[in-house]
Amino acid sequence: MISCTSYRVELALSKSGKPFHEVEYQKEEDGSFCPILKILVGKDKKEISAYADTGCTSGLSVFKEQIEDIDIGTKISDDNNPTPCIMADGHVIGADEYLATVSIEGEEKEVNISVIDPNKDMGYVSFKAMTPLLGRDFLDKFDVLYKGEEKKIALFKC
Amino acid sequence: MAFPIQEEFQKKMLEKVGVLPKPQRFPRGKDPMDARIRLLVNVLDYMRTPTISEKDMLTNALKRIEDLEKAVQELKKEEKIRKVPSKADFIYSKFKDYLEKEHFGKIVAIDVETEEIAGYGNSILEAYRDATRKQTTKNQFAYRRVGFDFVHKL
């Protein structure tokens with residue numbers, strides 16, 4: 001179960017029901033507490049701090065400038081045909097896709113990494129197509145469990 | 001040099017394009033013939049002028065300008081939404097009807113050289129693995145989500 005009283009992130013539960021990894025929310029410069037996790041990326045196991053964002057459908061999403069010196073994995077997308085990624089404001093930007101390993105506390109997973117290139121502008125979608133965002137001002141009032149395999153979200157009263 | 005205020009400028013523009021009647025065309029002269037022509041032209045101008053007051057006309061015209069400005073904004077927004085299609089988009093559109101009937105919401109891996117749909121899946125990796133399982137010579141594809149203008153949400 002996940003506790004929200006101390007701003008803890010308990011990202012994954014083991015079969016025994018206990019999390020294998022648990023960290024405090026990090027306080028950002030603007031004063032807000034955020035669920036930021038340190039992960040190891042690519043062949044060189046480079047450490048990256050990333051926002052745990054359940055609205056993001058990619059395995060890991062980074063900007064091109066952020067990983068220029070990291071060998072993240074095998075490129076699996078066509079150079080001239082980037083993958084369209086929609087931002088929260090409806091802007092569509094192209095990304096290159098990589099097959100890579102991302103690990104946390106020894107748990108290694110093969111995922112796709114989307115490397116967003118802001119120079120690859122692919123237009124906008126209609127705002128009507130956008131999904132409203134349910135943010136942490138609401139979610140932090142509960143213990144939230146994302147059941148990844150079952151594709152379910154469970155809310156517990158704190 | 002004094003610049004006209006926005007309202008005066010709009011009024012001048014409206015007079016120029018014929019939405020508002022132009023001011024009297026003939027200056028006052030001493031010639032009696034000029035005076036008669038001036039009177040005739042002014043009568044004709046008056047007859048052409050609708051019966052609603054100038055103030056109402058100006059209000060209507062300003063409303064029309066506002067509507068036109070809104071229309072321009074809408075068109076600009078539509079222009080922004082319209083993206084420049086890539087080769088992958090053209091290939092997708094070739095199979096669009098079939099894909100949207102049979103694989104709606106799935107991700108497809110598109111081989112841009114053979115112009116074929118190479119693989120299907122619920123994620124990019126699934127589509128990629130499906131594509132490479134079928135043909136081993138290629139390992140880079142373009143990806144599209146069937147029925148949508150984007151693959152990932154960020």
Side-chain angles (χ1 to χ4, degrees), chain A residues 50-51 53-63 73-102 109-118 120-133 148-149 151, chain B residues 73-94 105-119 121-133 135-154:
Chain A
Y51 211 106
D53 180 1
T54 55
C56 172
T57 57
S58 177
L60 173 67
S61 170
V62 288
F63 284 95
T74 312
K75 190 174 180 191
I76 59 168
S77 64
D78 187 84
D79 285 335
N80 301 315
N81 291 277
T83 305
C85 299
I86 184 172
M87 307 288 143
D89 66 347
H91 197 175
V92 182
I93 302 181
D96 292 324
E97 301 293 336
Y98 288 81
L99 174 62
T101 56
V102 172
K109 300 289 177 193
E110 201 167 50
V111 296
N112 86 287
I113 294 182
S114 302
V115 180
I116 302 154
D117 186 348
K120 292 174 180 168
D121 191 331
M122 299 177 82
Y124 278 82
V125 296
S126 164
F127 293 131
K128 285 178 188 166
M130 304 295 292
T131 311
L133 305 174
E149 286 294 322
K151 304 276 185 288
Chain B
Q73 290 302 322
E74 287 294 316
L75 285 170
K76 278 184 180 172
K77 215 163 102 183
E78 273 180 34
E79 184 62 30
K80 259 183 160 184
I81 289 170
R82 204 175 301 134
K83 65 171 185 171
V84 182
S86 65
K87 191 175 178 188
D89 294 316
F90 284 118
I91 299 165
Y92 174 88
S93 64
K94 233 171 65 175
K106 297 269 178 192
I107 290 175
V108 287
I110 299 168
D111 186 333
V112 287
E113 281 173 22
T114 61
E115 300 193 0
E116 294 291 336
I117 304 296
N122 290 315
S123 66
I124 282 199
L125 286 193
E126 274 186 28
Y128 168 75
R129 287 190 179 118
D130 188 39
T132 48
R133 198 167 40 241
Q135 56 144 320
T136 51
T137 51
K138 229 178 160 250
N139 58 6
Q140 290 187 346
F141 304 91
Y143 302 93
R144 292 292 180 270
R145 189 181 290 275
V146 178
F148 296 89
D149 289 332
F150 56 87
V151 173
H152 288 307
K153 281 183 182 177
L154 304 180

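Just so it is clear, the values below take in all heavy atoms, side chains as well, and ignore hydrogens, waters and symmetry mates. Everything quoted here is computed from the prediction, not taken from an experiment. Quick note on labels: first sequence line is chain A, next is B, and so on, each numbered from 1.
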> For B:Arg144 and B:Ser93, what are the C-alpha separation, side-chain angles and deciding distance, and is it a side chain to side chain donor-acceptor pair (under 3.5 Å)?
Replying inline: CA-CA 11 Å; B:Arg144 292 292 180 270; B:Ser93 64; over 6 Å; no
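Between B:His152 and A:Ser61, the closest side-chain pair of non-hydrogen atoms is not below 4.5 Å. Residues A:Asn81 and B:Ile110 are not in side-chain contact: their nearest non-hydrogen atoms beyond the backbone lie 4.5 Å or more apart.
Looking at A:Ser114, the atoms closer than 4.5 Å to chain B (heavy atoms on both sides) all sit in the side chain, from C-beta outward. Looking at A:Ser58, both its backbone and its side chain come within 4.5 Å of chain B, counting heavy atoms on both sides. Using a 4.5 Å cut-off between heavy atoms, B:Val151 touches chain A through backbone and side chain atoms alike. Interface remark: B:Tyr128 contributes side-chain atoms only to the contact with chain A (heavy atom separation under 4.5 Å). For A:Ile93, no part lies near chain B; criterion is any non-hydrogen pair under 4.5 Å.
Heavy-atom pairs under 4.5 Å with chain B were tallied for A:Ile86, A:Asp78, A:Thr131; the largest tally goes to A:Ile86. Counting heavy-atom pairs under 4.5 Å between each of A:Gly59, A:Cys85, A:Ser77 and chain B puts A:Ser77 at the top.
Seen from the ring of B:Phe150, B:Lys153 does not count as a face-on cation partner, given the 6.0 Å and 45° thresholds.
The distance from the NZ atom of B:Lys138 to the CG atom of B:Asp111 is 4.0 Å, given to the nearest 0.5 Å.
Annotation for A:Lys109: atom NZ does not count as buried by contact number, only 12 or fewer foreign heavy atoms lying within 6.0 Å.
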